[in-house]
Amino acid sequence: MLHVIITGVSQGLGEALAIELLARGARVLGVGRTSSGRLGSERYRFVRSDLGQASMLPAVLEPAFAAIASEHPSSVCLINNAATLEPVGVLGTSEADHIMTSLTVNLTAPVVLASIFCRVFGNDAIERRIITVSSGAAQSAIAGERLSVTAKPG
């Protein structure tokens, strides 16, 4: 059976992916600060975790991943979907703590999750996939979005 771990299931794409995968018979583990009320199913579990606190992720998520591994799934997939858009602005206009949170949620947490995933699901007999969702800003720069490298005029 396919098991899918999805971050950012409270709304938007993460919620839609979870709903679709549940409809197709997959087991889904949602990860995030909140879940969606639309995801009620016996095949859905939720683990509350703040991706902005990356150092806490192994303690919170490794047991949940291990529980999936103990079910001997035929395939497992991690979908790194959660993200934050804040802070929006050019360099010189954002506070350090906002920059750190953005980098932690958007960069550090997906890498930490991938590391936990690879450690827990190290068995080559399991089909494994890691998918990281990105925005259009990854393809073409948008001034002021996701800490543009454009210097502040003046």
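Transitive grouping of hydrophobic side chains (ILVMFWY, heavy atoms separated by less than 4.5 Å) brings Leu78 and Val76 into a common cluster. Leu17 and Leu51 are assigned to two separate hydrophobic clusters, defined by single-linkage of ILVMFWY side chains at heavy-atom distances under 4.5 Å. Under the 4.5 Å side-chain heavy-atom criterion for ILVMFWY residues, a single connected hydrophobic cluster contains both Ile19 and Phe46. Linking Ile, Leu, Val, Met, Phe, Trp and Tyr residues whenever their side-chain heavy atoms come within less than 4.5 Å leaves Ile68 and Leu21 in two separate clusters.
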Listed pairs under 3.5 Å, donor-acceptor, residues 26-38 side chains, sequence neighbours left out:
residue	atom	partner	partner atom	Å
Ser35	OG	Tyr44	OH	2.5
Ser36	OG	Glu15	OE2	2.4
Ser36	OG	Arg38	N	3.0

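When every heavy atom of Pro73 is checked against every heavy atom of His3, the shortest pair comes out as CB-CD2, 3.2 Å. Closest non-hydrogen pair, Val47 versus Val60, comes out as CG1-CG1, 3.6 Å. Of all heavy-atom pairs between Leu39 and Ala18, the closest is CD2-CB, 3.6 Å. For Ser102 against Thr84, the heavy-atom pair with the smallest separation is CA-CG2, 3.7 Å. Shown here for Ile126 and Ser75, the closest heavy-atom pair between the two residues is CG2-CA, 4.0 Å. Of all non-hydrogen atoms in Ile131 and Cys77, the two that sit nearest each other are CD1-SG, 3.8 Å.
Looking at residues two or more places apart in sequence or on another chain, you find a ring-ring contact (aromatic ring centres under 6.0 Å, His included) between Phe121 and Phe117.
Glu20 CD to Leu13 CG: the interatomic distance, rounded to the nearest 0.5 Å, is 11.5 Å. Note: Ile130 CD1 to Ile5 CD1 = 9.0 Å, rounded to the nearest 0.5 Å. In this structure, OG on Ser134 lies 11.5 Å from CG on Asn80, to the nearest 0.5 angstrom. Atoms CD1 and OG1, from Ile79 and Thr7 in turn, are 8.5 Å apart once rounded to the nearest 0.5 Å.
Other residues, nucleotides and ligands place no more than 12 heavy atoms under 6.0 Å from the CD atom of Gln11.
Contact annotation: the side chain of Glu71 never approaches that of Met1 to less than 4.5 Å [non-hydrogen atoms, C-beta and beyond]. Put simply, the side chain of His98 does not reach to within 4.5 Å of the side chain of Met100, judged on heavy atoms.
Formation of a donor-acceptor pair under 3.5 Å by the Thr101 side chain with backbone atoms of Asp97 is found in this model. A distance-only check finds no donor-acceptor pair linking the side chain of Asn81 to the backbone of Ile6 [under 3.5 Å]. Remark: side-chain polar atoms of Ser70 are paired, donor with acceptor, to backbone N or O of Ala67 under 3.5 angstrom.
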